Structures are given as structure tokens and as C-alpha cells.
Amino acid sequence: MWTLQTPPCLPVPSCSYRPISIAFRPSKPKPSNNYNDSIQSFCQKGQLKEALQLLFHEPNPTQRTYELLILSCSHKRSLSDALTVHRKLIDDGFEQDPFLATKLINMFSDLDSIDRVRQVFDKTFNRTIFLWNAFFRALTLAGHGIEVLDFYTHMNRIGIPSDRFTYTYVLKACVASESLVSLLPKGKEIHCHILRHGYERHLHIMTTLIDVYARFGCVGSASCVFSQMPQKNLVSWSAMLACYAKNGKPLDALELFREMMSNALLPNSVTMVSVLQACAALAALEQGKILHGYILRKGLDSILPVLSALVTMYAKCGALELGRRVFDQMGKRDVVAWNSMISSYGLYGFGAKSIEIFREMIRHGVSPSPISFVSVLGACSHAGLVAEGKQLFDSMSKEHKIYPSVEHYACMVDLLGRANQLEEAAIIIQDMRIEPGPKVWGSLLGSCRIHCNVDLAERASRRLFELEPTNAGNYVLLADIYAEARMWDKVKQVKKLLEAKGLRKVSGCSWIEVKRKIYSLQSVDEINMQIEQIHALVLKLSMEMKQNGYVPDTRIVLYDLEEEEKERILLGHSEKLAVAFGLINSSKGETIRISKNLRLCEDCHSFTKLISKYTNREILVRDINRFHHFRNGVCSCGDYW
DNA sequence: TCCTTGCCAC
């Protein structure tokens, strides 16, 4: 299944390096054990200044002396001391020591000083494979993946053999770049090199490969590598699990987790985080609670990422209060933990609460991250808090020195667009300092859909079709807008365009957990054994609802059909089927929890409001963006979503 | 001397 592809030739690095074999020989090898013991003792105690004083009083420091000092500078994260050590090292004639050069590269990498990493690499003539590997690691960590790949090509060309470490770094380099061009072909090419050099049984390289394919969204390739691995450990299982959880395959993730447990492999905190994500994606509350129990029994409840994942899991499963309880019991909270809570409130449309937690975080001395702003601005958007959102957006660069990224602009466009300030949203896009990507135009198009603005929608979709020619969702949105405006010829045109590109509309799907099992319902569902019973109930309910004021919202049906036919289509929406399935399979008074893969349509929304009143049930629906909590005929979103 | 998995937003 691996095709050997030769990607377009990468440019040779601008500066061409030739390895010059000058063996380094320290000038005066003088054993100085007591001295190094003292240095080591100071370094271990974190007394770097004292160690440096000793350095300047010792006439003959050794390689070991510098190794100790370099490690200590990394540990103390002190760039000024690092520069002092570097200068003295050069003065003492150690500049060409490849061992110390490797250590220096690691140190400057730890200190985020990538220019000095390059400088050390440039100046070292005897480039051992250790030096190359450290250099690649540093560049990869700094996000300069393309540069690593250029050097790797160069390294191959001049005949320097890679070792097993090189492969892990160059693989990671493929996913460590902000380049718009996918480096997947390069990753596949390196995969071929790895096979050719007989590393197909190497545990670490194969695990890295799984992770890299996962990040490219190539679930099939990742699982192919995984099943072919002769030995696996907890890390490789966890990597595969994360791959499923992150790529929209939560059921596969849970299945793999079960398999892992039956192989007597004990999950660690990292494993649990991915499994929790899978539960969150499925809104599988009961499963999630079982995992929480396991986490408590195994003492994993002191690990921050696990707790943050728990907060998010509970919130996404419709149990915001349980998430809040976990959050309240956290002894220490990092920015991720705070962000989890900020976005959880946002998910429920509790904008004011989200802002409150955001401010509380700052009061606690935790600086907001770019994601904090995505979360809080998203919350403002769902709650219609336009003024607050604008103020927060302003404070980003002014108070927190965080410069808005495409995601932040997309939030602002969404905030204004939803609030029917479409022109202002368009102005934001016009004035952006960075290239507005598909997320930004997509937000605008989504808002045009809500407020049925055909002109602006045409503008946005023209740009979107260029940027994302294969995203069916954009075509569907535009067709929706035309349908609502009753421009049936235009609807037909868009549909033809969709067909001509071989694209298909993502079909609606809802799922619901009944007695710890997850059931999915699709608009056209033949698999579910109860389907006839479900359809009958939906029909019965709709007739009764009609007597209670339900008017089917046939505007959203994308076909120019008779009203009756449109109504029939509306009744087949997966969310209504899920509501009926929930009513049939749960006991009286029990809350019905449903998730769906698309935005909730207006008709299902008003239908469910009435059902909640008529059947006296609380119904919680999570759509692609947020929660709707239906109670006694009203929805928590206040019909603003 | 250097290697593998994870939390928060879309």
C-alpha cells in the first residue's frame, strides 16, 4: 500500500555544508575530578552562579565541566548564563568539540534560541550524526520542519547515513511546519527509506510513524502500520488510540481500548486522555463515568491533563455540573484547565459565565493563551454578547500581547454575523492583517445562512470554492440560502456543481446512548430494528404537535416539492428519529441526551421544543457547535444559535 | 549524549 513517490525536488539549503573531518583533540587533557565534583554539586543544588564563579577561577576546565554547566543552564532556563558559558567555552578552545556542540544545540533549543542553534551547527566542522540529530530535533521543535527536510535531502545527497534517531526526527519534521503545502508525500517517502533500511520492526520509529499518519488524518495508513508491528507497548497502543480519537473515529477508539484492556495492558494517564476524548465525541456519559471511576482507583486524578479532559468530557456529554465539580476540586489549574471550563460554558451558551471564568483565571495569575480567546470569543458569539466580544478582542493585543490569528478573526466574524451585523463582519475580513482563510469565509457564509443574505453569501462562497473546492458543506450552505430565497434555478446550479465535482452532502446523523450502548440514527435508516416503530411515533407526534401549534418549517427543504412531500422529508431528519428512539427506550422522567453531526435545523428545533413540553421531558441535544437544552417548551439557546 | 503516545478552540 506504500507507493514510492518522488515529491517535487526540495531546494538544497542555501548554505551548503561539507563535513570536514577534523578530529577534535582537547588541548590540555588534565583530569580534574575534585573540581568537576564541586561544579556538579553546585549544579545539582541549582547554584549556577557559584558554579560559574568556580569556572572562571579554574585554569583548565574539561569537557565534563562544560557538559555539567550546559545542562544546568538548560535546567535553569537562563539564556544570559548560557551565553556566558558559550563564550568561555570558545575561549577555552572547545568550539570544535562535537560532543559539546551537540549539548549546546540542545541547550539553545531548550532556551528557544533557534538562531544560536543554527550558529553552533554552522560553526562545527566535524558533524557527527549526534550533531545532525540534535540540530533536526531543535528545528523540528521550533516548527521549522521544512528546513529539516531540506537538510535531510542534503544529508542523503552527500552520503551521510541516517541512524534510527534521525528517522524519528525527520518524520516529526513532516508535521512540524506551518506550510500550507501538505508534507504527506515527504512522510511517505521517509517511510520508504525506513523500510529500505530495515527499520520496519523498530518500536519507536513505528510509533512515530503512527503519530505522523494520525496528524495527516491518514487513519488507514496508521492502523496498517500498527497491525504490522511485531511488538507493541503501551505507547504504541496509546498512539493508535489517539489517532482514532482525533480523527473522528471515537467508536474505533473505544473498541481498541477494550482490546488493549483484554490484552492485560494497563492504561496510563495519556491513554485515558484519549479515551475520554472519544467518550466526549460520542457524548457517552455512562462510559465516561466508568472511566472516571477507573481514574480515581488508579490514582490518575492528580494529573492535570486527565482532569482537564474529564471537565471537557462531562461538558460535552451534557453534564456541565459534573465537569464543574471536577474543575472546582482541582488543586492546581494551568491555562488548559481554565480553557476547558471557559469553553464548556460557551458550549451551553452561558457567555457571561464563560467571561467570568476567563476573568477569574487572570485574577489567579494565569495568563490567557490564544486558545483562551478562541474559547471566550466563541462563548460570546453563541450568547450574542457582541459588545463584550469586541472588548475582549481589543484586549488581546493591547493587554495580553496576543495577536489575532485566523481562528480569532473567524470568531469575530461569527459573533457579528450571527448578530446580523453582516456588513461589519465583512469589514473585519477586509481589514484583516493576515490572509483570511476558509474558516473566516466559512463563518461569514454560515451567518448569511442564518440571516438569508444572498449577495454576501455569493461573495463568500466564491472565495470559499477557490480555497476549499472539495468541501461539500460550503455548497450545501449556499444551496440552503438559495432555497430559502426560493431561487430554485440557483439551487439546481449549485447541486449540479456539487455532483460534477463528485461530492456528496454529508448526511445527517444523530446518536444516543441507551443502557450504555450507543445507537446512531440516520435520516434513511434501515439498520435499526425499531425503525418502523420510530417512524410511526414521529408521525404520531407531529400530528399531535400540529394541534399544539407546530408548523413544519419547510423553507429549509432543498427541493422544489409539494408541501406535503417537504413535510415528509422533515420528519425523516435524524434528530427527530433520535428523539422518538429516546422516548421509546427510556423511562418516564429520564433526560434524553442526543448528539448530532450537523447544526440543528430550525424545524427540528421547534419540533423538539414542543415535544419537551408535550411529553414533559428534558431533552439535551448537542449539535456540531453547542448544546440545546429543551425544557417545558423552551430551549436554553433562546432561539439564538 | 539523541527517540515514541496525551489536556483546552475551531
Side-chain angles (χ1 to χ4, degrees), chain A residues 63-64 67 70-71 98-106 109 128-138 140 163-172 199 202-212 214-215 222 226 229 232-243 245-246 267-277 280 300 303-313 315-316 327 330 333-344 346-347 361 368-379 381 405-411 414 437-440 442-443 624-625:
Chain A
Q63 189 192 53
R64 174 67 180 156
E67 184 193 1
I70 290 168
L71 288 175
F99 175 88
L100 288 181
T102 305
K103 297 288 171 197
L104 282 170
I105 285 181
N106 290 333
S109 165
T128 59
I129 192 66
F130 288 103
L131 190 82
W132 280 97
N133 290 345
F135 184 51
F136 285 173
R137 175 179 173 271
T140 299
D163 72 358
R164 60 187 196 281
F165 294 96
T166 318
Y167 290 118
T168 58
Y169 295 130
V170 290
L171 278 175
K172 277 181 168 290
Y199 284 116
H202 192 280
L203 187 64
H204 286 175
I205 295 178
M206 289 302 119
T207 305
T208 309
L209 201 50
I210 290 172
D211 182 51
V212 168
R215 285 172 205 270
F226 184 69
M229 279 174 77
K232 301 179 185 104
N233 64 4
L234 180 58
V235 178
S236 31
W237 280 86
S238 303
M240 194 58 229
L241 204 79
C243 173
K246 280 250 162 80
N268 62 10
S269 64
V270 180
T271 326
M272 293 315 289
V273 166
S274 291
V275 191
L276 287 171
Q277 277 183 308
L300 298 173
I303 296 166
L304 270 178
V306 173
L307 294 170
S308 300
L310 271 173
V311 170
T312 305
M313 182 278 291
K316 289 194 176 169
F327 179 76
M330 289 172 80
R333 296 182 196 125
D334 60 0
V335 68
V336 177
W338 287 97
N339 290 350
S340 307
M341 206 61 239
I342 293 168
S343 59
S344 294
L347 205 56
M361 169 177 83
S369 68
I371 293 180
S372 312
F373 282 100
V374 176
S375 309
V376 75
L377 290 175
S381 171
S405 68
V406 182
E407 283 80 5
H408 300 109
Y409 282 111
C411 285
D414 195 65
K439 280 177 193 165
V440 175
S443 290
I624 188 101
N625 294 320

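Keep in mind that this is a model prediction, so the values were computed, not measured. First the proteins, then the strands, lettered A, B, ... as listed; each starts at 1.
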Mind checking if A/Ala134 touches a base, just sugar-phosphate, or nothing, with heavy atoms under 4.0 Å?
nothing
A/Thr207 and A/His204: CA distance, side-chain angles, deciding distance, side chain to side chain donor-acceptor pair (under 3.5 Å) verdict
CA-CA 5 Å; A/Thr207 305; A/His204 286 175; over 6 Å; no
Flag as yes if A/Tyr169 stacks onto the base of B/dC2 (centroids under 5.5 Å, planes under 30°), otherwise no.
no
Distance, rounded to the nearest Å, where A/Ile371 contributes CD1 and B/dG6 contributes C1'
14 Å
Could you tell me whether a side-chain N or O of A/Ser269 sits under 3.5 Å from a main-chain N or O of A/Val306, the two making a donor and an acceptor?
no
Considering only heavy atoms and no angle criterion, is a donor-acceptor pair shorter than 3.5 Å present between the side chain of A/Thr208 and the base of B/dT4?
no
Testing A/Ser369, A/Ser344, A/Ser375 for side chain to side chain donor-acceptor pair (under 3.5 Å) with A/Asn339, which one passes?
A/Ser369
Candidates B/dC7, B/dT5, B/dC10 - which lies nearest the side chain of A/Ser308
B/dC7
If you compare every side-chain N and O of A/Lys246 against the phosphate oxygens of B/dC7 (OP1, OP2), does one of them come in below 4.0 Å?
yes
Can you find a side chain N or O atom of A/Ser343 that sits less than 4.0 Å from OP1 or OP2 on B/dA9?
yes
How many Å lie between CZ on A/Phe136 and C1' on B/dT4, as a whole number?
19 Å
Identify which nucleotide among B/dC2, B/dC8, B/dT4 has an atom closest to any side-chain atom of A/Lys172, counting heavy atoms from C-beta outward.
B/dT4
Once hydrogens and angles are ignored, does a donor-acceptor distance under 3.5 Å link the base of B/dG6 to the side chain of A/Ser269?
yes
Looking for any heavy atom pair under 4.0 Å, which part of the strands does A/Lys103 touch: base, sugar-phosphate only, or nothing?
base
Length of the line joining A/Asn268:CG and B/dC7:C1', which is rounded to integer Å
14 Å
Between A/Thr166 and A/Asp163, is a side chain to side chain donor-acceptor pair (under 3.5 Å) present by the stated rule, with each step listed?
CA-CA 5 Å; A/Thr166 318; A/Asp163 72 358; 2.9 Å; yes
Spell out, as yes or no, whether a donor-acceptor pair under 3.5 Å connects the side chain of A/Ser109 to the backbone of A/Ile105.
no
Just how far is it from atom CZ of A/Arg215 to atom CG of A/Leu171, taken to the nearest 0.5 Å?
12.0 Å
So, is A/Arg215 close to the B/dG6 phosphate, meaning a side-chain N or O under 4.0 Å from OP1 or OP2?
yes
Any idea which of B/dA9, B/dC7, B/dT1 is nearest the A/Ala309 side chain?
B/dC7
Name the nucleic acid region contacted by A/Thr102, choosing base, sugar-phosphate or nothing; use a 4.0 angstrom heavy-atom cut-off, strictly under.
base
So which nucleotide from B/dT4, B/dT5, B/dC8 ends up closest to the side chain of A/Thr312?
B/dC8
Could you tell me the separation between the CG atom of A/Leu171 and the C1' atom of B/dC3, rounded to a whole number of Å?
11 Å
A/Gln277 side chain N/O closer than 4.0 Å to the phosphate oxygens (OP1, OP2) of B/dC7?
yes
Under the 3.5 angstrom rule, does the side chain of A/Ser381 hit a backbone N or O of A/Leu377 as a donor-acceptor pair?
no
From the list B/dC2, B/dA9, B/dT4, which nucleotide is the closest neighbour of the side chain of A/Asp163?
B/dC2
For the pair made of CD1 in A/Ile205 and C1' in B/dT5, what is the distance, rounded to whole Å?
16 Å
Atom CZ of A/Phe226 and atom P of B/dT5: how far apart are they, to the nearest Å?
15 Å
To the nearest Å, give me how far apart CE (A/Met240) and P (B/dG6) are.
12 Å
Atom pair distance, as rounded to whole Å: CG in A/Leu71 and P in B/dT1
12 Å
To the side chain of A/Glu407, which of B/dT4, B/dC8, B/dA9 is closest?
B/dA9
Quick check for you: among B/dA9, B/dG6, B/dT1, whose closest atom lies nearest to any side-chain atom of A/Val374?
B/dA9
How would you label the contact of A/Asn133 with the nucleic acid (heavy atoms, under 4.0 Å): base, sugar-phosphate, or nothing?
base
So what does A/Ile303 touch, heavy atoms closer than 4.0 Å: a base, only the sugar-phosphate, or nothing?
base
